Amino acid sequence: MYFKKNFNKSFNILLLRILIIFVFILVSFFIIIPLLPLFLKSFSDNKNNFIGLENFINYIQNPSLTQSFINSLKVAITTTFFSVLIGFIYAYALTRTRLPLKKFFNTFSLFSLYIPPLAVAIGLIYIFGKQGLITQGFFGTIPGFDINLYGFNGIIIGEIFYCFPQALIILVSALNLSDQRLYEAAESLKASPLRKFLTITLPNIKYGLMNSFFICFILSFTDFGVPKVVGGNFNVLATDIYKQVVGQQNFAMGATISIYLLVPSILAFLIDKNFRKNEASLISGKSIPFKPRKNLIVDSIMFIFCSLILILVIGVFSSIVLASLIKIWPYDISLSLQNFRFSNVAGNGYEPYFNTVFMSIYTAIFGTIFVFFTAYLVEKFKPLKKIRMLIYFFSTLPIAIPGLVLGLSYILFFNKPSFSVPFLDFQIFNPFSLLYGTMGILVLANIIHFFTVCFISATTTLKQIDKEFEEVSESLKVPFYKTFLRITIPLSLPTILEIGSYYFVNSMITVSAIIFLYPAKIPVSSVSIVNMDDAGDTASAAAMSTLIVLTSLFVRLIYEFTSRNISKKSSVWINPLET
Amino acid sequence: MKKLFSFVMGAAVIGTALAPSANAWWWGKKGSEKASITVYTALEDDQIPNYLKSFERDYPNIEVNIVRDSTGIVTAKLLAEAENPQADVVWGLAASSLLVANDRGLIQGYAPKGLSNVKPSFRDPAKKPSWVGIDSWISAFCVNKIEAQKNGLSIPKSWADLTKPEYKGHIVMSNPASSGTGYLSVASRLQNLPSEEDGWNYLDALHANIAQYMHSGSKPCKAAGKGEYPIGISFGYRAVKQVNMGQPIEAVFPKEGSGWDVEANALIKKDKIKPAAKTFLDWAISPEVSREYAKSFAITAVETDVPLPKGFPSNPEKQLAKNDLQWAAVNRERILAEWAKRYDGKSAPK
Amino acid sequence: MIKKEGSFKYLEIKNISKNFGETFVLKNIHLDVFKGEFLCLLGPSGCGKTTLLRIISGLERQTNGDIVQDGLLISNSPTEKRDFGIVFQSYALFPNLNAKQNIAYGLENKKINKKEIEKRTNNLLRLVGLEKYSDQFPSQLSGGQQQRVALARAMALSPGLLLLDEPLSALDAQVRSKLRNEIKLIQKKLNLTTIMVTHDQTEALSMADRVVVMERGHIAQIGTPFELYENPITPFVADFIGKMNLLKGKYDKKNYVFYYLNNRFLISQNTEYSFLENCLLGIRPEDIEIIKFRKNIEKEENILRVKIKEITYLGTIFRLTVVLESKLEENIFVDVISNQVVSNNLKIGDFIDIKLKKEKIKLFESNL
């Protein structure tokens with residue numbers, strides 16, 4: 001009856017489907033499937049015989065191990081409380097007050113994130129340890145003060161160093177979304193500052209607040225670096241895994257504890273997810289951004305608070321630098337640069353350092369591409385809804401996987417040359433095993449380890465970009481990938497840069513995910529810091545840490561410079577995403 | 001269409017980069033014509049280059065890739081990689097760890113050339129031994145002389161001294177659950193007192209004085225060196241090294257004898273065993289490299305004419321306490337469980 | 001309905017339905033759009049008008065039914081294979097491209113040389129009157145200018161069909177009426193078949209050749225603005241297009257009499273109504289006369305005595321809200337020319353007689 005168009009099946013849609021399925025396969029193989037051998041391990045003994053729940057029962061019946069579980073919870077709850085509190089006040093100072101030297105405080109707000117956790121611990125020992133500067137009252141010049149670093153106190157301080165910047169990142173962006181008009185309306189109704197805070201500020205940031213609680217909880221619950229160095233006799237789950245796997249080669253029990261470690265993380269994850277379901281933007285596109293007024297008292301209190309935090313962070317960093325320059329602390333305090341000559345300690349000279357820099361660059365480049373593309377496919381298209389939802393779910397999962405668990409599962413999965421098919425005498429070649437022992441697996445482990453935070457920030461940005469851009473492009477017969485390159489990427493550039501720098505900084509300092517994975521030919525500096533520290537070359541470990549911090553700082557400055565340039569260029573079209 | 005093609009090509013490039021392509025750097029330094037072997041070792045970082053000098057001189061065509069890490073990590077890596085072993089050779093890893101690896105069937109028995117030079121107690125008695133020792137490391141106390149004086153402590157001379165009330169809160173040792181050195185000390189105490197029961201009683205008394213159990217073998221000595229705690233129970237080489245670094249440390253070898261373990265080599269079982277791996281194992285017990293070992297270790301598996309390193313007791317062999325490596329390996333799980341029950345759970349927050 | 005004899009059916013919508021599970025968004029929609037016609041889809045929010053537009057564009061898929069455009073069956077064609085341009089309420093201009101680049105966006109993807117693109121883009125800029133603004137970014141343009149760029153962009157590929165999704169809703173009143181005329185002019189000049197979605201009846205009546213009134217997923221009535229106003233076929237259409245008083249009562253078919261409470265109204269015998277006796281009487285406010293000062297009222301037909309409840313000034317006319325003493329809650333609206341109110345000195349609370357013009361009375365089936 002009608003002349004039917006013969007090109008009903010669109011090449012673009014086909015391509016899109018293929019891409020979505022491709023990304024689905026990738027995230028499955030990188031996130032979910034590697035966890036399976038770990039699960040299997042937890043149900044078997046060390047000779048790989050299936051023993052059901054025996055490991056789990058053994059664990060519960062061992063009082064010292066259950067104590068670790070309780071300790072981990074204590075650490076996580078305390079750290080979360082303080083990190084979010086400090087993060088909130090700092091973020092509030094940056095966004096809602098006329099804090100003097102705001103730019104400075106902003107640039108250095110994430111400084112403590114650049115310091116490897118182990119180096120933080122070293123720095124803390126130099127300040128608060130038994131021979132520390134403060135404990136000994138600056139070589140006896142003032143009365144000393146002992147905070148009992150080893151144990152709970154030390155872990156908490158170390159964890160806060162690592163967690164509070166993470167809370168800060170989230171809360172700054174939450175507090176940045178504000179509507180001046182709401183505050184004006186409240187003022188006209190004679191609301192007190194407290195009332196305004198409780199009825200406007202808090203409800204506006206409740207999702208950000210919830211999210212930062214969640215992230216701090218999981219990070220501190222699963223962290224291993226800080227408790228290992230300053231934990232003393234205070235056992236936590238992560239050090240238990242270390243003891244089982246590294247101390248006793250008991251993989252089955254290590255896997256079992258990993259599962260116990262996963263449970264609260266996943267629980268927290270589900271609560272957060274459920275909470276977010278109701279998330280709706282309270283701030284419309286027509287909001288007028290909040291402009292803080294001068295308030296001498298608040299501004300000065302905030303200035304003092306932020307200065308104290310920065311002094312503490314810079315103090316720890318300075319003591320690391322000092323440690324790298326001093327010959328034998330505290331007995332021979334002569335300075336020298338000899339500790340920066342790594343050739344005689346790690347045997348590899350500067351190789352680990354450059355490996356780490358390259359690894360971080362690769363992670364930043366490939367990770368950003370992968371994360372952003374995944375978020376783009378999930379967020380912007382309609383086909384294959386269920387698969388896209390699964391990709392979304394998988395992508396938000398890695399935050400709940402502790403680095404040590406990720407590393408273990410990667411070693412178990414990626415070092416398998418083939419899989420056997422159950423009930424059949426048939427082996428499937430595992431193509432991913434080619435990655436094992438290469439730089440690739442380190443990059444991959446880092447990409448996945450830090451995937452969630454990057455993914456969430458990419459989807460948030462993409463959500464803010466008008467969906468109709470894609471529709472207009474379709475009507476103009478422009479294929480989606482062109483719009484992606486020409487419109488979506490330029491509009492998301494600030495976020496893309498932010499993701500890249502986040503990946504870089506974190507890859508520079510990470511230990512837990514790659515300590516089992518790094519190949520013979522590719523030593524990395526964060527691991528060599530652990531080794532040097534273990535071997536007693538604290539000064540060299542501190543020197544390497546100093547180099548890492550300076551590199552991250554350098555990259556951060558490049559980032560600031562580039563993003564400032566970009567926003568200058570794009571100020572003509574007023575980037576709607578930056579606020 | 002041309003632009004579409006370039007897009008697909010771009011995606012393909014990213015794809016192949018993720019699944020690494022023929023990028024030599026990415027793969028590591030492959031492609032050279034040298035035979036190459038991967039060696040897992042727990043020997044100290046600063047020792048390795050000295051040891052390897054003679055190998056590199058004699059076998060310029062064999063490239064050695066060293067993976068160095070602590071005993072625990074190396075062992076864990078070996079076991080985790082069981083299905084697809086990456087290492088060709090293990091060099092200088094605690095014999096007790098190699099016993100575990102052998103138990104899982106990861107080791108290929110091999111009798112290296114010159115095996116007859118190795119003292120009998122330093123090797124697996126089998127004809128093709130699964131492990132062959134190179135040296136022995138022994139436990140020792142690191143005592144910080146300055147801090148001891150500050151705290152009015154006398155230098156402890158024996159294991160028994162350590163349980164004196166004056167040392168309460170001044171001693172650190174490695175956690176036997178995370179460190180081989182820690183286990184060495186515990187196992188040695190259990191074997192050298194009249195009964196295991198007495199051993200545990202001793203450990204109870206020691207526990208009362210311990211300030212902290214640390215997660216690595218060298219940490220207690222390091223902490224002593226920095227004055228964090230006056231006394232650290234660690235191992236001999238470590239103590240001597242720190243003395244030589246100029247720290248105010250005295251290395252104490254306890255009167256009752258030291259716990260000890262052998263650092264040993266092994267050949268990893270895999271489909272294709274490289275001849276270079278055997279060459280390496282032959283070399284690793286040669287008199288020449290043994291002379292190098294002897295510069296850092298008081299006791300070596302192959303007798304050498306090198307004088308005893310500074311700081312060790314004059315008759316090191318006599319310093320060795322009774323130790324049955326096999327017993328220590330078999331009973332490990334039981335002892336650690338008992339240990340954890342007694343001491344680990346009690347480490348409650350302050 | 002005026003039938004456009006000889007007009008070419010450019011777009012045929014055949015039995016289109018769209019449902020999500022049990023809920024129908026669109027139900028059995030039939031619609032023909034003629035070549036060069038300006039058609040408006042009008043209705044309250046949620047009536048399915050936007051969904052219908054999106055189905056035509058392929059941005060959404062129908063559950064059932066077919067679409068034929070220019071003789072081709074396009075029911076399952078993907079969006080980019082269909083021949084249309086679209087303008088959204090939010091403009092959806094690419095913020096990082098200037099006006100010219102936005103317009104050229106679709107052209108650049110075609111195998112057209114740069115000169116030709118330049119020429120066409122300039123023509124389009126001239127068409128929408130924005131030659132001077134070609135290098136400005138969207139954020140530097142006013143709302144009306146942005147919408148003109150969006151319009152030019154939609155027309156860049158010379159589509160056979162232009163789809164406008166509430167294009168003027170975000171603009172203020174003055175700009176809106178100015179742009180209304182411009183769009184209409186351009187549309188006529190290019191003889192471009194256009195479908196516009198709107199909820200604003202004034203907009204629909206002033207711009208469209210034909211209006212499709214939609215209600216809860218189906219078409220209530222199709223017709224020219226005049227037809228819809230004069231001959232609404234449902235009370236919904238009657239009250240949506242303009243204003244209509246609807247009184248519920250009983251109809252005596254034999255005698256052409258409608259009973260409302262105690263009042264009887266004579267109905268014109270020109271139309272045969274075939275429905276049940278319960279029905280609605282409809283009359284527009286301007287079709288009611290005030291006869292306060294005439295004599296012999298008893299002899300007049302279709303008279304009601306009412307009380308003035310409210311007087312609203314609407315410029316040239318006043319709208320009176322009046323009620324019956326016996327039914328105070330039912331408002332009846334009466335439009336009166338201003339000077340009549342002033343000269344008669346009408347006040348709130350006054351009793352007046354009103355007369356419903358017999359020939360203007362319509363009856364509707366009561367589905368309330």
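From a predicted model like this one, the values you see are computed outputs, not experimental measurements. No hydrogens, no waters, no symmetry mates; every other heavy atom, side chains included, goes into these values. A note on names: the letters A, B, ... follow the listed sequences, proteins ahead of strands, and every chain is numbered from 1.
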task = Quick one: which of B:Asn144, B:Val100, B:Thr71 has the most heavy-atom pairs under 4.5 Å with chain A, could you say?
result = B:Asn144

message = Once rounded to the nearest 0.5 Å, what's the spacing between atom CD of B:Glu81 and atom CZ of A:Phe414?
response = 14.0 Å

inquiry  = Which atoms of B:Asn50 are under 4.5 Å from chain A, going by heavy atoms: the side chain, the backbone, both sets, or neither?
reply    = neither

message = Which atoms of B:Ile146 are under 4.5 Å from chain A, going by heavy atoms: the side chain, the backbone, both sets, or neither?
response = side chain

Test item: B:Gln212 side-chain N/O and A:Asn233 main-chain N/O as donor-acceptor pair under 3.5 Å = no

task = Under 4.5 Å heavy-atom distance to chain A, tell me which part of B:Gln86 shows up: side chain, backbone, both or neither.
result = side chain

message = Counting only non-hydrogen atoms closer than 4.5 Å, does B:Ile48 touch chain A with its backbone (N, CA, C, O), its side chain (CB onward), both, or neither?
response = neither

remark   = A:Ile411 and B:Ala80 have their tightest heavy-atom pair at CG2-CB, 3.6 Å

note = Max heavy-atom pairs within cutoff under 4.5 Å with chain A, candidates B:Val67, B:Ile210, B:Val172, goes to B:Val67

task = For B:Lys77 and A:Ile515, work out which heavy atoms get closest and say how close.
result = NZ-O, 4.5 Å

request  = Starting at CD1 of A:Ile122, measure out to NZ of B:Lys226 and round the result to the nearest 0.5 Å.
outcome  = 7.0 Å

ask   = Going from CG on A:Asn235 to CG on B:Asn175, what distance comes out if it is rounded to the nearest 0.5 angstrom?
value = 7.0 Å

request  = Let me know if B:Arg332 has heavy atoms under 4.5 Å from chain A in its side chain, its backbone, both or neither.
outcome  = side chain

task = I would like to know whether B:Asn84 and A:Tyr436 meet side-chain contact (heavy atoms from CB on, under 4.5 Å); could you show each step before the answer?
result = CA-CA 10 Å; B:Asn84 185 20; A:Tyr436 196 80; 5.5 Å; no

key: A:Asn415 side-chain N/O to B:Glu83 backbone N/O, donor-acceptor pair under 3.5 Å   = no

ask   = Atom NZ of A:Lys228 and atom NZ of B:Lys219: how far apart are they, to the nearest 0.5 Å?
value = 5.0 Å

task = Give a yes or no on whether the backbone of A:Gln131 and the side-chain of B:Glu228 come within a donor-acceptor separation of less than 3.5 Å.
result = yes

task = Name the region of B:Thr38, side chain, backbone, both or neither, that has any atom closer than 4.5 Å to a heavy atom of chain A.
result = side chain

